[in-house]
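For the numbers below, each heavy atom of this structure counts, side chains included, while hydrogens, waters and symmetry mates do not.
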Amino acid sequence: MTVATCDVHFLDPDDKRLRAILQAGQNYKDADQQPPLYCRTTEEMLHELEYLDEDVAYEVCVTNTNKIAEMIEQIKPVPDRGQLYSSYIPVAEEAVKNLSYKKANEWYGEQLPKEVEERLKMELEAIIGN
């Protein structure tokens, strides 16, 4: 299946200035010579394909790209704003707890002072619970 694509590096035509600034900061010698790498509308893409038969241009620009879009499973790569999105490592809770107590025992001995024990429990509950 053939589809018409564009080498998009920025959203709008005016964004080429921002890309030029970024590239100049990275010492690109041609940073001031930005090609039109913006995201084109369907009409703009069809205009780019005027050399093709009108039906073929529509097929590669609209029909086939929609077919591919329909093949792609919809996923939510990031959570809604405000939701926590932390990873989960099954052994992490126990490892953090064990490492914390091991270090506390190195510093304070096998029998931890009451204040240290209480503080350590409080901190671990906050860390593991959140």
>> Side-chain heavy atoms under 4.5 Å apart, restricted to Ile/Leu/Val/Met/Phe/Trp/Tyr: what other residues fall into the cluster of Phe10, or is it alone?
In response: Leu37, Tyr38
>> Side-chain heavy atoms nearer than 4.5 Å, only ILVMFWY residues, links allowed to pass through others: does that put Leu120 and Tyr108 together?
In response: yes
>> Side-chain heavy atoms nearer than 4.5 Å, only ILVMFWY residues, links allowed to pass through others: does that put Val62 and Leu52 together?
In response: no
>> Can you confirm whether Gln111 is buried at CD, in the sense that more than 12 heavy atoms of other residues, nucleotides or ligands lie under 6.0 Å from that atom?
In response: no
>> Which residue in the set Glu44, Arg40, Glu43, Met45 passes side chain to side chain contact (heavy atoms under 4.5 Å, CB included) when paired with Cys61?
In response: Met45
> Just how far is it from atom CD of Gln34 to atom CG of Leu18, taken to the nearest 0.5 Å?
Replying inline: 10.0 Å
> When rounded to the nearest 0.5 angstrom, what distance separates CG in Asp15 from SG in Cys39?
Replying inline: 10.5 Å
> What pair of heavy atoms forms the shortest contact from Ala31 to Ala20, and how long is it?
Replying inline: O-CB, 3.2 Å
> Just wondering, are more than 12 heavy atoms of other shown residues or ligands nearer than 6.0 Å to NE2 in His47?
Replying inline: no
> Is Leu99 linked to Leu124 within one hydrophobic cluster, defined over Ile, Leu, Val, Met, Phe, Trp and Tyr using a side-chain heavy-atom separation of less than 4.5 Å?
Replying inline: no
> How many angstroms lie between CD in Glu110 and OH in Tyr101, if you round to the nearest 0.5 Å?
Replying inline: 12.5 Å
> About how many Å separate CD of Glu93 and CG of Asn98, when rounded to the nearest 0.5 Å?
Replying inline: 11.5 Å
>> Could you measure the distance from the CD atom of Glu94 to the CD1 atom of Ile89? Nearest 0.5 Å is fine.
In response: 14.0 Å
> Out of curiosity, Ser100 OG to Asn105 CG, how far, rounded to the nearest 0.5 Å?
Replying inline: 10.5 Å
> Can you list every salt bridge (Lys or Arg N to Asp or Glu O under 4.0 Å) pair that touches residues 116-130, not counting sequence neighbours?
Replying inline: Lys114-Glu118, Glu117-Lys121, Arg119-Glu123
> With sequence neighbours left out, which residue pairs that include part of residues 51-76 fulfil the side-chain hydrogen bond (donor to acceptor under 3.5 Å, both in side chains) condition?
Replying inline: Lys76-Asp80
